[in-house]
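So the structure is just underneath, and the comments pick up after that.
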Amino acid sequence: MYRTHTCGKLRITDVGSPVTLSGWVQRVRNLGGMTFVDLRDRYGITQLVFNTENDAGLCQEARSLGREYVIQVKGTVAERSNKNSKMATGDVEVLVQNLVVLNSSELPPFTVEDDTDGGEELRMKYRYLDLRRNPMRKNLELRHKMALELRKFMDMQGFMEIETPVLMKSTPEGARDFVVPSRMNTGQFYALPQSPQLFKQLLMVAGYDRYFQIVKCFRDEDLRADRQPEFTQIDCEMAFVEQEDVLVTFENMTKHLFKSLKGVTFEEDFPRMSYADAITYYGSDKPDIRFDMRFVELTGNTSGKGFQVFDEAEYVGAICVEGCAGYSRKELDQLTDFVKRPQIGAKGMVYLKYNLDGTFKTSVDKFFEKEDFETWAKACGARPGDLVLMLAGAKTKTLTALGELRLEMGTRLGFRDKTKFSPLWVVDFPLLEWDEDSQRFYAMHHPFTSPKLEDVALLETNPGEVRANAYDLVINGVEIGGGSIRIHNDELQQKMFEVLGFTPEEAESQFGFLMNAFKYGAPPHGGVAFGFDRWVALFAGVDSIREVIAFPKNNSGRDVMNDAPAAISPAQLDELSLELKKRPGK
RNA sequence: GGUCUGGUAGUUCAGUUGGUUAGAAUGCCGGCCUGUCACGCCGGAGGUCGCGAGUUCGAGUCUCGUCCAGACCGCCA
């Protein structure tokens, strides 16, 4: 038997018991006459004691142990004379009588400690060592428990988890597909699913009116801190529901996860905000409402005074930053630089300091009068001591830039507290999005999203104005999930394809199987999908989803541990009847 | 595809207007130490300054290219 207890188990009540422990050597402290060894496994750390008075030879052996050696010890639990209140096992130690080195270890390239000295790259290359660290272990435990609580809740609500294929058919809409060549069907390819969207709708047709799945999805697009090429979704669909039913069901699910994993309860319903309002007041379809700082439009109050930037602007907007009138020139310059970064792209920033003595200091003093400043301040609800920041320009771009500035100010002022959670439903998304490059509409969500009944007529006249029965769950400015009520009517679906510029033949070849299924009694249905990795990251309080994925890909989509992706052999290519245009460089 | 940041000891980093033998901390190795728990003290080893060109009497430092890593934009729910 390798162990009678784990390394996190022993307590003062075990004193006197003979025990066997196995684990990794965290650290050896050699004090000359005696040697302490911290023995670690995923349950905790237990201190081992070796004493020359008891067994000089054994003590000598203990001194030669290196970091991360795997050892097994037999000994007796004893009460410590110096207790360590910082450790769960800190009241006891094991007096070792027998030591076996199960495996030695090379010196690890970084310290396997909570506060590791390892950089990102090394941690990824030696991920199995990184995963030994408590922070990573806790993240994966959280992930496991979230999945468990989720399944418990969904089961209680009558949802069935059903697996859908990973090898499926490529579809042109949405993200780029990962494709898999088929050996048996020469020249043909499977695609990995971007989501099980079509299958879950088919399950609705099949009568499985409450489906969910914790499922891997794949998108061949560039990565971000919150985007991996393969990621996990909580995919859900319900039949015989309206938008309200879906929102209520998954708000309850969200509350259950918050309560069971974070101990957070929400007394009130989650607030809801239309997409239009989100853009107007926060410049984003995923506003962080942990703090307010809404936009105020000043377009009508800023022109005609000879300040060209404002005169020519389609939109002039402001945020009021409370208590920041004392900002220095340097701080304001920093903010100006921030909004002028190419990623944000504002041309400049105008500030208005509403000083405590009631006077104004602005960057446009020579163009405007005190009365103008008073008007602006009043519109923004600014009081003495506040700072008003203004951006101007093309409407869409300026709103986005002002949204970034708002988030930056929220961060600077400490409003974006990771321990505070502000969920929000964003509703009434537009159905379609105009794409300048290809001069056509794209489905904002996907082509099966239903338009609002009252907007259907607009499909003919003004498709861009049509609102969808689509919704997102946003928490702390992170898009946690989104979904829609689907089209279940063949005629409306055809209309939708038409608006999207599909010929009937294209629609038939891409989605014919779904259209066909809809002819056999498709119930009204809708659903939602949540980004599981993002959600775990949010709960774990980490900024990158890599921290909650055991073996993630790096910035360039590579697994730096096993060096995937890699070239395949000519024989493999041959079997697939594939020929490369050019050989990879390495 | 683009913008930005970084690459120096095993690791995390510092390195001044370009100037002698490139430093610190930590880790590692050796010695001492019987109550440590980030043990302590003494000593030691450890460097192709990512790679390649260029400028220069002289490059870790400046220029160009390239590779790698990270953040973001485009892209992507």
Side-chain angles (χ1 to χ4, degrees), chain A residues 26-39 45-54 56 59 63-64 66-67 78-87 89-90 93 106-126 173-177 194-195 197 217-229 231 233 235 285-286 337-338 340-345 397 400-401 404 426 429 433 435 437 442-446 449 470-474 478-484 528-531 534 543-544 546 554-556 558 560 585-586:
Chain A
Q26 176 77 31
R27 195 179 277 275
V28 178
R29 287 181 297 278
N30 177 7
L31 273 68
M34 64 195 313
T35 297
F36 297 100
V37 173
D38 288 339
L39 189 67
I45 288 179
T46 298
Q47 176 167 283
L48 312 177
V49 196
F50 299 81
N51 198 320
T52 41
E53 281 178 9
N54 301 340
C59 198
R63 283 178 203 175
S64 67
R67 286 172 183 262
E79 183 172 1
R80 291 199 198 184
S81 57
N82 281 354
K83 292 182 176 157
N84 185 344
S85 59
K86 286 182 269 181
M87 295 171 71
T89 61
E93 59 197 0
E106 299 245 320
L107 190 69
F110 54 87
T111 57
V112 182
E113 291 165 3
D114 292 7
D115 244 328
T116 183
D117 62 5
E120 187 95 350
E121 202 178 345
L122 272 182
R123 288 178 50 210
M124 287 303 164
K125 185 162 182 193
Y126 300 90
E173 295 289 290
R176 196 175 289 117
D177 284 321
Q194 299 173 28
S195 90
Q197 182 62 38
C217 300
F218 306 85
R219 289 180 187 149
D220 188 7
E221 297 292 349
D222 284 9
L223 286 75
R224 289 286 188 281
D226 62 351
R227 259 163 42 191
Q228 286 271 306
F231 60 100
Q233 279 196 349
D235 191 52
D285 61 358
K286 44 182 185 343
D337 288 344
F338 173 81
K340 282 167 83 172
R341 284 163 48 216
Q343 280 84 346
I344 296 182
K397 212 175 163 185
T400 308
E404 293 294 335
V426 177
F429 274 77
E433 212 173 8
D435 180 64
D437 291 340
Y442 276 88
M444 195 157 189
H445 194 62
H446 54 60
T449 298
Y471 34 81
D472 276 2
L473 177 63
V474 175
V478 178
E479 185 201 325
I480 286 296
S484 64
V528 63
F530 299 94
R534 283 184 189 175
D543 291 323
S544 169
R546 284 197 290 261
N554 80 357
N555 222 11
S556 326
R558 301 198 69 85
V560 293
K586 51 178 212 170

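Letters A, B, ... mirror the listed sequences (proteins, then strands); counts begin at 1.
With hydrogens and angles left out, the side chain of Arg29(A) and the base of C33(B) share no donor-acceptor pair within 3.5 Å. For Gln343(A) against C72(B), a side-chain N or O and a base N or O form a donor-acceptor pair under 3.5 Å.
Salt bridge annotation for Arg176(A)-Glu221(A): present, with a cationic side-chain nitrogen under 4.0 angstrom from a carboxylate oxygen. Ion pairing between a basic and an acidic side chain is recognised when a charged N comes within 4.0 Å of a carboxylate O; Asp226(A) and Arg534(A) show such pairing. We find that Glu113(A) and Arg67(A) are joined by a salt bridge, their nearest charged nitrogen and carboxylate oxygen being less than 4.0 Å apart.
Residue Glu404(A) is classed as having no contact, given no heavy-atom separation below 4.0 Å to the nucleic acid. Using a 4.0 Å heavy-atom cutoff across all strands shown, Glu121(A) reaches sugar-phosphate atoms only and no base atom. Using a 4.0 Å heavy-atom distance criterion, Arg546(A) is classed as a sugar-phosphate-only contact. At the heavy-atom level, His445(A) lies under 4.0 Å from base atoms of the strands shown. Within 4.0 Å of Arg227(A), counting heavy atoms only, lies at least one base atom of the nucleic acid. Across all strands shown, Leu122(A) has heavy atoms under 4.0 Å from sugar-phosphate atoms exclusively, and none from any base. Here Asn30(A) lies in heavy-atom contact (under 4.0 Å) with a base. Base contact: Met444(A) has a heavy atom under 4.0 Å from a base atom. Among the heavy atoms of the strands lying under 4.0 Å from Gly119(A) are primed sugar atoms or P, OP1, OP2 only; no base atom is included. Within 4.0 Å (heavy atoms only), Gln194(A) reaches sugar-phosphate atoms of the nucleic acid but no base atom. Phe36(A) comes within 4.0 angstrom of a base, heavy atoms only. Counting non-hydrogen atoms under 4.0 angstrom, Lys83(A) reaches a base of the nucleic acid. Ser195(A) comes within 4.0 angstrom of no nucleic acid atom, judged by non-hydrogen atoms across all strands. Nucleic acid contact for Gly481(A): none, since no nucleic acid atom lies under 4.0 Å from a heavy atom of the residue.
The side chain of Asn51(A) places no N or O atom within less than 4.0 Å of a non-bridging phosphate oxygen (OP1 or OP2) of U34(B).
We find that CZ of Phe338(A) is positioned 17 Å from P of C4(B), with the value rounded to whole Å. Look at CZ on Arg534(A): it is 7 Å from C1' on A77(B), rounded to the nearest Å. The separation between Leu31(A) atom CG and G31(B) atom C1' is 15 Å, rounded to whole Å. For the pair Phe429(A) CZ and A77(B) C1', the interatomic distance rounds to 9 Å; values are reported in whole Å. Between the CZ atom of Arg341(A) and the C1' atom of C73(B) there is a distance of 10 Å, rounded to whole Å. One atom, CG of Asp285(A), and another, C1' of C76(B), lie 13 Å apart when rounded to the nearest Å. In this structure, Lys340(A) places its NZ atom 16 Å from C1' of U3(B), rounding to the nearest Å. Whole-Å rounding puts the Arg123(A) CZ to G70(B) P distance at 11 Å.
Only the C1' atoms considered, G30(B) is 44 Å distant from A71(B), to the nearest whole Å. Look at the P atom in both U66(B) and C73(B): the space between them is 25 Å, to the nearest Å. C62(B) and C57(B) are spaced 16 Å apart, taking the C1' atom of each and rounding to whole Å. Separation of the C1' atoms belonging to C39(B) and U26(B) is 15 Å when rounded to the nearest angstrom. Comparing U63(B) with G6(B), their P atoms are spaced 12 Å from each other, to the whole Å. As rounded to the nearest Å, A25(B) and G40(B) have P atoms that lie 13 Å from one another. Between U61(B) and U55(B), the distance separating the two C1' atoms is 14 Å to the nearest Å. Taking the P atom of each, C67(B) and G52(B) are spaced 15 Å apart, rounded to whole Å.
In this structure, Asp472(A) contributes its side chain and Val474(A) its backbone to no donor-acceptor pair below 3.5 Å.
Sequence order on RNA chain B of the closest nucleotides to Ala175(A) and Asn555(A) puts Asn555(A) first from the 5' end. Each of Arg219(A) and Asp226(A) was assigned the nucleotide of RNA chain B with the nearest heavy atom; the assignment lying further toward the 5' end belongs to Asp226(A).
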Measure all distances between protein nitrogen or oxygen atoms and nitrogen or oxygen atoms of nucleotides 25-29 of chain B, and list the pairs falling under 3.5 Å.
unit_1 : atom_1 : unit_2   : atom_2 : d
G27(B) : O3'    : Arg67(A) : NE     : 3.4
C28(B) : OP1    : Arg67(A) : NE     : 3.1

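At most 12 non-hydrogen atoms from other residues, nucleotides or ligands lie less than 6.0 angstrom from NZ of Lys340(A). Other residues, nucleotides and ligands contribute over 12 non-hydrogen atoms within 6.0 Å of the CG atom of Asp337(A).
For Tyr471(A), the ring-ring contact (aromatic ring centres under 6.0 Å, His included) test picks out no residue, with sequence neighbours left out.
Looking only at atom types and distance, the side chain of Gln47(A) has a donor-acceptor partner in the side chain of Arg29(A) under 3.5 Å away.
Shown here for Asp38(A) and Ile45(A), the closest heavy-atom pair between the two residues is CB-CG2, 3.8 Å.
Ser556(A) OG to Asp222(A) CG: the interatomic distance, rounded to the nearest 0.5 Å, is 9.0 Å.
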